[in-house]
Engineer: 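Pasting in a structure now, in structure tokens, and then I'll have a few things to ask.
One-based numbering, in listed order, for ligands and for the atoms of each.
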Amino acid sequence: MSSASDSGSAEVIRIVSRSSPMALAQVERVRTELAALRPGIRTEVVPVTTSGDRWMGDLSKLGGKGAFTKEVDATLLAGEADLAVHCIKDVPADRPLPAGTVFAAYLKRDDIRDAVIHPGGLTLDEMPAGTRIGTSSVRRVAQLAITHPHVECVPMRGNANRRLEKLDAGECDALMLAVSGLERIGRTDRISEILPVDTMCPPIGAGVLGLQCREDDTETIEAVAGLGDAAVWKEITAERMLLHVLQGHCNSPSRATPGPNATAASPCAPGSSAPTARRSWTPTNGRAPWTRPPWAHRSRWHCSVRAPARSSTRSRTEAASRTEAARPAPSRPQAPVGPYRARSRRHTARAAWWPDMPWTPGPGGVAEEQR
Ligand SMILES: NCc1[nH]cc(CCC(=O)O)c1CC(=O)O
């Protein structure tokens with residue numbers, strides 16, 4: 001937060017976000033809620049264009065990760081803004097938040113479901129074979145392949161307003177978009193069908209906005225923390241932990257049903273043609289992978305629960321006289337076999353920060369509860 005020298009004692013929070021109509025609507029929600037909570041604080045908007053907005057090709061070719069968040073994070077870290085508003089769905093969970101930033105709050109959750117938009121008002125079941133659904137989402141493509149194999153998915157990028165224009169221009173016959181996003185841009189009138197979550201399981205983080213601050217900016221963190229919803233904080237922490245263990249991201253076919261009663265999650269579309277569908281976590285070692293990921297021995301988190309070293313029968317002196325190099329390497333858990341093992345090996349370095357990501361400290365005592 002910064003004090004505006006020109007307006008006396010008034011405090012200003014500069015809010016950075018993508019510049020799409022949906023993102024700007026999200027910022028307006030934050031400004032309205034903040035105005036009610038902290039009427040003394042002024043807000044300014046800093047819109048930025050992200051690489052995800054600029055690149056109209058396949059998102060996975062951009063590295064697929066953080067395409068909608070990188071430039072926003074950079075603006076926050078550069079001190080050109082004090083608060084970033086992100087769709088949690090777009091924030092990678094297979095890596096930590098950019099160093100020096102934290103989430104101060106997750107807002108109350110919106111609708112988590114996906115909608116179908118067909119100009120003639122048809123539902124998926126009513127659509128003739130070969131109907132072209134405009135979506136580039138691996139998750140949507142994979143699930144449609146199971147439930148509605150008669151329709152065809154065609155790549156479709158651009159912000160939601162732009163996609164609606166492309167639909168009207170005949171680039172596809174129907175669209176799939178998040179209900180929450182359509183609510184934000186005021187276009188729920190275009191919805192022809194809302195899909196239940198067991199037909200189209202939502203992505204991790206669906207319908208949730210996160211408020212990200214610099215971690216040393218306690219003033220802003222304290223100012224906006226009150227906008228957060230405690231139940232959503234728990235849901236998002238659990239969901240992002242899951243995505244982290246799967247090493248998934250917004251362009252991998254992982255799905256989770258969020259909500260207080262939902263704990264189930266699965267990689268979608270086994271056997272689907274989506275290349276990342278191979279990233280199934282089906283345990284090959286008879287153990288649920290999230291209980292102890294194969295790289296967990298690298299982490300402080302796991303160290304703290306590691307079994308004590310086997311007691312030695314050698315005398316203390318004998319043990320002490322042994323050189324460091326001669327000491328046997330600490331035993332490590334056997335990695336599971338199969339593709340999961342190959343992957344975990346490759347990601348060992350990145351996995352070293354495992355304990356930091358999901359346990360991002362939160363304000364208002366939530367962090368205490370998490371530990
Ligand atoms: N990557 C675009 C994006 N990021 C978040 C949402 C929807 C809103 C949300 O779930 O928060 C959308 C649009 C869409 O999927 O239709």
Engineer: Cluster partners of Ile191, using ILVMFWY side-chain heavy atoms under 4.5 angstrom, listed by chain and number?
Structural biologist: Met22, Ile117, Met156, Leu164, Leu167, Leu175, Leu177, Val179, Leu182, Ile185, Ile194

Engineer: Could you pull out all residues at least two apart from Glu44 that satisfy side chain to side chain donor-acceptor pair (under 3.5 Å)?
Structural biologist: none

Engineer: Do the side-chain N and O atoms of Thr43 and Arg31 include a donor-acceptor pair separated by under 3.5 angstrom?
Structural biologist: yes

Engineer: Please list, chain by chain and in numerical order, all residues satisfying side chain to side chain donor-acceptor pair (under 3.5 Å) with His118, sequence neighbours excluded.
Structural biologist: none

Engineer: Would you give the length of the straight line joining atom CG of Leu211 to atom CG of Asp82, rounded to the nearest 0.5 angstrom?
Structural biologist: 12.5 Å

Engineer: At a 4.0 angstrom heavy-atom cut-off, what protein residues surround ligand 1?
Structural biologist: Phe68, Cys87, Lys89, Asp90, Arg140, Leu177, Ala178, Ser180, Arg184, Ala206, Gly207, Val208

Engineer: Which label fits Tyr106 and Trp233: parallel for a plane angle under 30°, tilted from 30 to 60°, or perpendicular past 60°?
Structural biologist: tilted

